[in-house]
Amino acid sequence: MGFRKENWGVVMGGPAQVRSTVADPEASGHDVHVQFDDPSFAASYAAGYQSSGPAGRYFSSRFHAVFQILNRCPGGDLLDVGCGPGMFVQRVLDTRHGDFRITAVDRAPAMIAEIAGRTAGAEVELAVGEAEALPFPDASFDVVVAMGVLEYCDPSVVLRELDRVVRPNGLVLVSMLNPLSPYRLFEWAVYWPLLRLLGQVEGLLGLPPERRHGVPKSGIRALSAGRMRRRMREAGLCPVDVVHYDLTPSVPPFDRFVGRWTRRHERLADTVSRGVCHWPGTAYLVAATHSR
């Protein structure tokens, strides 16, 4: 495997100045970055892809949506921005072996270390770098993918970088949590605050920190699909497809119980939608082309 690990300067943009749903307004960028650079977090994040709970369902549905679009692409140079522990890269290697020359970049060295072990022996280029200042020349890739990234960055800055590094007629795929879904509205406005309040009460009652309820700071800032498409056009990209995925009929914590039943009776195709019934999707994917 060609392993290229470089430490690039941090170039961070501030939160986008638009109306958006903020899951955790307390969280600082530093808090979130420290969490993602924890080796134990990198390993547990990877394990979430294999879980039988809501996280596993979410990632399976996202992969299904992504590969619906990616399978139309014949191959070429592919960049995974914010690659995390490398689960998407591994899936590409398993299902499209030899079709893509893969490069993966993440700001967290712990994530790069995780993907290095996962893809040992494969021809994958790895780099430590910022999504807001990608360490690659203009027009370097035929396909650029950024999943689970834009919620933690200035989306306008990152989208301009994606547009810069993709080739003419190339494909850009980005995902975003859906702030208008019933699931996310309940999770962020009701469920998480209640868990934190419960943890505070448990602290007053003398429970040790490891036994208290709570939710780690997330730093998530999510845009609706309409706002995301506008941001992409402003960055020079031309959105051509929107897929809502992880269509979920319940809200937390009931999704853990309802999900056990639905997973036994649903197909992955039933967890995605391009039609009017997309509103239960907890996240969405936008495919765009380089318009210049």
Checklist entry - Do you know which two heavy atoms are closest between Ala131 and Val149, and how far apart they sit? => result CB-CG1, 4.1 Å
Checklist entry - Say you draw a straight line from CG of Leu195 to CD of Gln200; how long is it, rounded to the nearest 0.5 Å? => result 11.5 Å
Item to check | Working for side chain to side chain contact (heavy atoms under 4.5 Å, CB included), residues Arg118 and Met87 | outcome: CA-CA 8 Å; Arg118 188 175 307 281; Met87 307 306 288; 3.4 Å; yes
Checklist entry - So do His244 and Val242 actually touch side chain to side chain, heavy atoms under 4.5 Å? => result yes
Next on the checklist: Could you check whether any side-chain heavy atom of Asp80 comes within less than 4.5 Å of a side-chain heavy atom of Ile115, counting everything from C-beta outward?
Outcome noted: no
Checklist entry - Backbone N or O of Leu134 within a donor-acceptor pair of the Glu161 side chain at under 3.5 Å? => result yes
Next on the checklist: Check whether Asp142 reaches the backbone of Asp77 with its side chain - one donor and one acceptor, N or O, closer than 3.5 Å.
Outcome noted: yes
Checklist entry - Between the main-chain N or O of Cys153 and the side-chain N or O of Glu132, is there a donor-acceptor pair closer than 3.5 Å? => result no
Next on the checklist: Taking the side chain as everything from C-beta on, heavy atoms only, tell me whether Ser175 gets closer than 4.5 Å to Leu173.
Outcome noted: no
Item to check | Separation between CG of Asp241 and CD of Gln68, rounded to the nearest 0.5 Å | outcome: 8.5 Å
Item to check | Donor-acceptor under 3.5 Å (Arg196 side chain, Gly214 main chain) | outcome: no
Checklist entry - Checking Arg184 side chain against Thr282 main chain: does a donor-acceptor pair fall under 3.5 Å? => result yes
Next on the checklist: Could you measure the distance from the CZ atom of Arg107 to the CD1 atom of Ile112? Nearest 0.5 Å is fine.
Outcome noted: 11.5 Å
Item to check | Arg211 CZ: over 12 foreign heavy atoms closer than 6.0 Å | outcome: no
Next on the checklist: Just so I know, are the side chains of His213 and Val201 near enough to count as touching, which here means a heavy-atom distance under 4.5 Å?
Outcome noted: no
Item to check | Test side chain to side chain contact (heavy atoms under 4.5 Å, CB included) applied to Leu268 and Ser60, step by step | outcome: CA-CA 8 Å; Leu268 277 175; Ser60 295; 3.9 Å; yes
Checklist entry - Got a second to check how far Leu223's CG is from Met228's CE, nearest 0.5 Å? => result 5.0 Å
Next on the checklist: For Ser181 versus Gly281, what's the shortest heavy-atom pair and its separation?
Outcome noted: CB-O, 3.2 Å
Checklist entry - Heavy-atom distance under 4.5 Å between the side chains of Trp188 and Leu177, does that happen here? => result yes
Checklist entry - Going by heavy atoms in the side chains, are Glu187 and Val251 under 4.5 Å from each other? => result no
Checklist entry - Quick one: CG on Leu70 to CG on Leu171, what's the gap to the nearest 0.5 Å? => result 7.0 Å
Item to check | Smallest separation among heavy atoms of Ala288 and Met232, with atom names | outcome: CB-CE, 3.5 Å
Item to check | Option from Asp138, Leu237, Val144, Val158 for which side chain to side chain contact (heavy atoms under 4.5 Å, CB included) with Asp163 holds | outcome: Leu237
Item to check | Evaluation steps, ring pair (Phe, Tyr, Trp, His ring centres under 6.0 Å), between Phe88 and Phe67 | outcome: CA-CA 10 Å; Phe88 169 70; Phe67 280 92; 5.8 Å; yes
Item to check | For the student: nearest non-hydrogen atoms of Pro193 and Ala189, plus distance | outcome: CG-O, 3.6 Å
Item to check | Worked verdict on Arg57 versus Asp255 for salt bridge (charged side-chain N to carboxylate O under 4.0 Å, His left out) | outcome: CA-CA 11 Å; Arg57 183 186 192 276; Asp255 58 324; over 6 Å; no
Item to check | Hphob cluster co-occupancy, Leu247 + Val243, side-chain heavy atoms under 4.5 angstrom | outcome: no
Next on the checklist: Counting C-beta onward and ignoring hydrogens, is there a side-chain heavy-atom pair between Arg233 and Pro239 closer than 4.5 Å?
Outcome noted: yes
Checklist entry - Is there a side-chain contact between Leu150 and Leu159 (heavy atoms, below 4.5 Å)? => result yes
Next on the checklist: Looking at Ala139, is its backbone amide N or carbonyl O close enough to the side chain of Arg167 to form a donor-acceptor pair, meaning the two atoms are under 3.5 Å apart?
Outcome noted: yes
Next on the checklist: Any donor-acceptor pair under 3.5 Å linking the side-chain atoms of Ser61 with those of Asp246?
Outcome noted: no
Next on the checklist: Over 60° means perpendicular and under 30° means parallel, so tell me whether Tyr191 and Phe186 are parallel, tilted or perpendicular.
Outcome noted: parallel
Next on the checklist: Looking at every heavy atom in both Val272 and Ala65, which two are closest together, and how far apart are they?
Outcome noted: CG1-CB, 4.1 Å
Checklist entry - Under 4.5 Å between side-chain heavy atoms, hopping through other hydrophobics if needed: is there a path connecting Trp192 to Leu194? => result yes
Checklist entry - Same cluster for Val145 and Val240 if Ile/Leu/Val/Met/Phe/Trp/Tyr side chains link at under 4.5 Å? => result no
Checklist entry - Between Thr248 and Ser250, is there a donor-acceptor pair closer than 3.5 Å when you use the side chain of the first and the backbone of the second? => result no
Next on the checklist: Please find the pair of heavy atoms, one from Ala122 and one from Leu93, that lie closest to each other, and give the distance.
Outcome noted: CB-CD1, 3.8 Å
Item to check | Residue among His64, His278, Arg62 satisfying side chain to side chain contact (heavy atoms under 4.5 Å, CB included) with Tyr245 | outcome: Arg62
Item to check | Side-chain (Tyr183) to main-chain (Asn178) donor-acceptor, under 3.5 angstrom | outcome: no
Checklist entry - Would Tyr58 end up clustered with Trp279 when hydrophobic side chains under 4.5 Å apart are linked, directly or stepwise? => result no
Item to check | Geometric class of the Phe136/Phe141 ring pair [parallel <30°, tilted 30-60°, perpendicular >60°] | outcome: perpendicular
Next on the checklist: I'd like to know if Asp270 pairs up with Arg267 as an ion pair, taking the criterion as any Lys NZ or Arg NE/NH1/NH2 lying under 4.0 Å from an Asp or Glu carboxylate oxygen.
Outcome noted: yes
Next on the checklist: For the OG atom of Ser224 and the OH atom of Tyr284, what is their distance to the nearest 0.5 Å?
Outcome noted: 6.0 Å
